[in-house]
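Note that these values count all heavy atoms, side chains included, but never hydrogens, waters or copies made by symmetry.
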Amino acid sequence: MNHRRPMPYDRRTFLQRSGMGLGALGLAGMLGEAGLAPSAASAASFGSQPTRQHYPGKAKRVIHFFLNGGPSQVDTFDHKPMLAKYAGQPIPETLATERKTGAAFPSPFKFRPYGQSGIEVSDIFSRIGEHVDDIAVINSMFAHLPNHEPSLMLMNCGDSVQPRPSVGSWVLYGMGSENQNLPGFIALCPGGYPIKDAENWQAGFLPGAYQGTYIDTQFEEVERLIANIRSPHATTAMQRRQLDLLGQLNAEHRASRSDPRLDARIESFELAFRMQMAATDAFDLDREPQHIRELYGDGVNARQTLIARRLLERGVRYVQLWHGAGQPWDHHSGLEGGHRDLARQIDQPVAALLTDLKQRGMFDDTLVIFGGEFGRTPTVELGADGNSLLGRDHNQYGFTVWLAGGGVRGGTVHGATDDFGFKAVDQPTSVHDLHATILHLLGFDHERLTFRYAGRDFRLTDVQGQVIGNIVA
C-alpha cells in the first residue's frame, strides 16, 4: 500500500490555520503593514469605495494636457523682451546646459495681453489666451534634471528615480470613480506611447486597480481604440457565464492566499466586461451635435479632447491627454515651425474644452492642468559645427505650467523667471508644490493622503511640498 506523506505547511498556510484562525488575523495585519494586503477597492467596484477626502474639495475631476517633450516657456506664456534686446549676444548670466548653447534667442512669436488681467500670451496660443482670466499661470516651476526620463517621472509620479504611483493613481485611490463601467484613470495618447511608456500612469505600490488605462486615440472606430472590446465568438450572455465561472475559480484560488495583484486582475476582468457597452457610448463622437464637433475642430488632438470631456462627464476621475508618441515638443532645432504646428493642433481644442465645460456647468469642479516635464533654454542650441540650430535645449531651471477651473483663482500669475527666462527667481515652485496644490483642490491634505508600504507611509509629495496659496480661489 502506497502511503503518501502529507505536504508540509508553508509559513503562510501555517499562520492562517494557527489558533483557530487567529493566525490569519495576525497575518493580515502584517501584510497590511507591508502594503501587501488587498484593499477593499481592488476587490470591489470603484464606485462603492468610500472617499478618503479630508475636506470638501472644489474639484471633482482632473484633465491634464501633457505637452511631452518640453514646450518653451519663453515662446508661450513667459514673455521676455530682454531676449530681443540681447539677440545674437551672450546673456549676462548663463547656466549649465545639457548641450552647447550660444547667444540669446528671441522668441519668433509675438506676445500680447489678454483679458481684464492683461496676462501676456504668445500668438501661437491666441485662443487659449482668450480664457486667460480663468487661468492661473505658474511661471516659476523648476525640475531637477535636464533629461526627459527623470523629469517625466518627477512630474507624473513625484520622484525622479524611484518607481512611485502616478498622480492619477493617487487621485483615484483617494476619491474612487463615479462610474463602475469605465476605468477611473485613463491616458489618451495617439500613435503609441510617450517616453517611459506606461510608467507615466503606473500604480506603483498602490493596488493595480488604480493604474491608468491607455487608449491609442489615433484610431476612430471603438473596436480599434479599445482592443477586444467586442467578442467575435460569444454573445454577451455567454461571456457573462464564462466570466462567472472564471470568477469562481479565481475566488477558490484567492481563498488560500493574499495577493493584491490577483484582486486587481479579477476586477480588471469584470471592468472589461462592463466596459463593452459604456465605452462604445463614451468614445462615439457621432453622438455629439455638429456644432460641438466644430467647436473642438479637426484632427486627432481635437478628437481626443472631446473624448476626454465625454469621459469626465461620465464619472472618470482623471484623464491625461498626451500630445503624441515619443516627445513631440522636443525642438532642439527648427523651433519656430515645430512649436507653431503643434500649438495649432491643440490651441482650439483646449480653448473649446474650457468653453464647453462652462456651458455644461462643469468648469467650477473640473481641474484643468496644462504643461510639460520642463522648459527650454532662452539661448539658442548649437550644432557640432558651432552654428545655430534655431532651437532650444532642455531647461529644468525654470518653466511654465498653468491651471484652470476647480477652485483655481483665474487671471493670476505666480512667480517669475529671471529677465531672460532661464531660472525661477521669484517664488520658485517645485513639482511637489504643484502636486500638493492639485491634491488640495481635490480635498486632500497632501501630508495625510498616504499608503503604507514596506514599513513606512508613502505620499505623492514624499517629504516636501507646499500648497501654492495665491492661485487658490
Stepwise ring pair (Phe, Tyr, Trp, His ring centres under 6.0 Å) test for His440 and His446: CA-CA 7 Å; His440 173 77; His446 72 102; 9.4 Å; no

Side chain to side chain donor-acceptor pair (under 3.5 Å) evaluation trace for Asp75 with Ser107: CA-CA 6 Å; Asp75 294 299; Ser107 177; 2.6 Å; yes

Check against ring pair (Phe, Tyr, Trp, His ring centres under 6.0 Å), Trp329 and His339: CA-CA 7 Å; Trp329 284 86; His339 264 44; 4.8 Å; yes

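Contacts of Asp426 classified as side-chain contact (heavy atoms from CB on, under 4.5 Å), with partners at least two apart in sequence or in another chain: Ala416. Asp364 meets the side-chain contact (heavy atoms from CB on, under 4.5 Å) test with no other residue; sequence neighbours excluded.
Counting non-hydrogen atoms of other residues, nucleotides and ligands closer than 6.0 Å to NZ of Lys60 gives a total of 12 or fewer. For Asp462, the CG atom sits in a packed shell: over 12 heavy atoms of surrounding residues, nucleotides or ligands are nearer than 6.0 Å. For CD of Gln116, the number of neighbouring non-hydrogen atoms (other residues, nucleotides, ligands) closer than 6.0 Å is 12 at most. Crowding of Glu149 atom CD: a count of heavy atoms from other residues, nucleotides or ligands under 6.0 Å exceeding 12.
Taking the ring centre of Phe363 as origin, the terminal cationic atom of Lys358 falls inside the region bounded by 6.0 Å and 45° from the ring axis. Cation-pi geometry between Arg52 and Phe444 is not met: the NZ or CZ atom fails to fall both under 6.0 Å from the ring centre and inside 45° of the normal. Within the cation-pi definition used here (under 6.0 Å to the ring centroid, within 45° of the axis), Arg112 qualifies as a partner of Tyr114.
A centroid separation of less than 6.0 Å is found between the aromatic rings of His148 and Phe374. Aromatic rings from Phe458 and Phe205 are positioned such that their centres are separated by under 6.0 Å. Aromatic rings from Phe399 and Phe77 are positioned such that their centres are separated by 6.0 Å or more.
Put simply, CZ on Arg293 and CG on Leu306 are 8.5 Å apart, with the number rounded to the nearest 0.5 Å. With rounding to the nearest 0.5 Å, the separation of CG in Leu145 from CD in Glu98 is 9.5 Å. The CD atom of Gln320 lies 11.0 Å from the CZ atom of Phe65; values are rounded to the nearest 0.5 Å. The OG1 atom of Thr213 lies 10.5 Å from the CG atom of Leu311; values are rounded to the nearest 0.5 Å.
The side chain to side chain donor-acceptor pair (under 3.5 Å) analysis of residues 400-412, with sequence neighbours excluded, yields the pairs Asn139-Thr400.
In this structure a side-chain-to-backbone donor-acceptor pair under 3.5 Å is missing from Tyr210 to Gly184.
Between Ala308 and Leu321, the shortest heavy-atom distance links the atoms CB-CD1, 3.8 Å.
Ion pair Glu220/Arg303 flagged as a salt bridge, since at least one NZ, NE, NH1 or NH2 atom sits closer than 4.0 Å to an Asp/Glu carboxylate oxygen.
With Tyr318 as the partner, the side chain to side chain contact (heavy atoms under 4.5 Å, CB included) test is satisfied by one option alone out of Leu312, Leu367, Val171: Val171.
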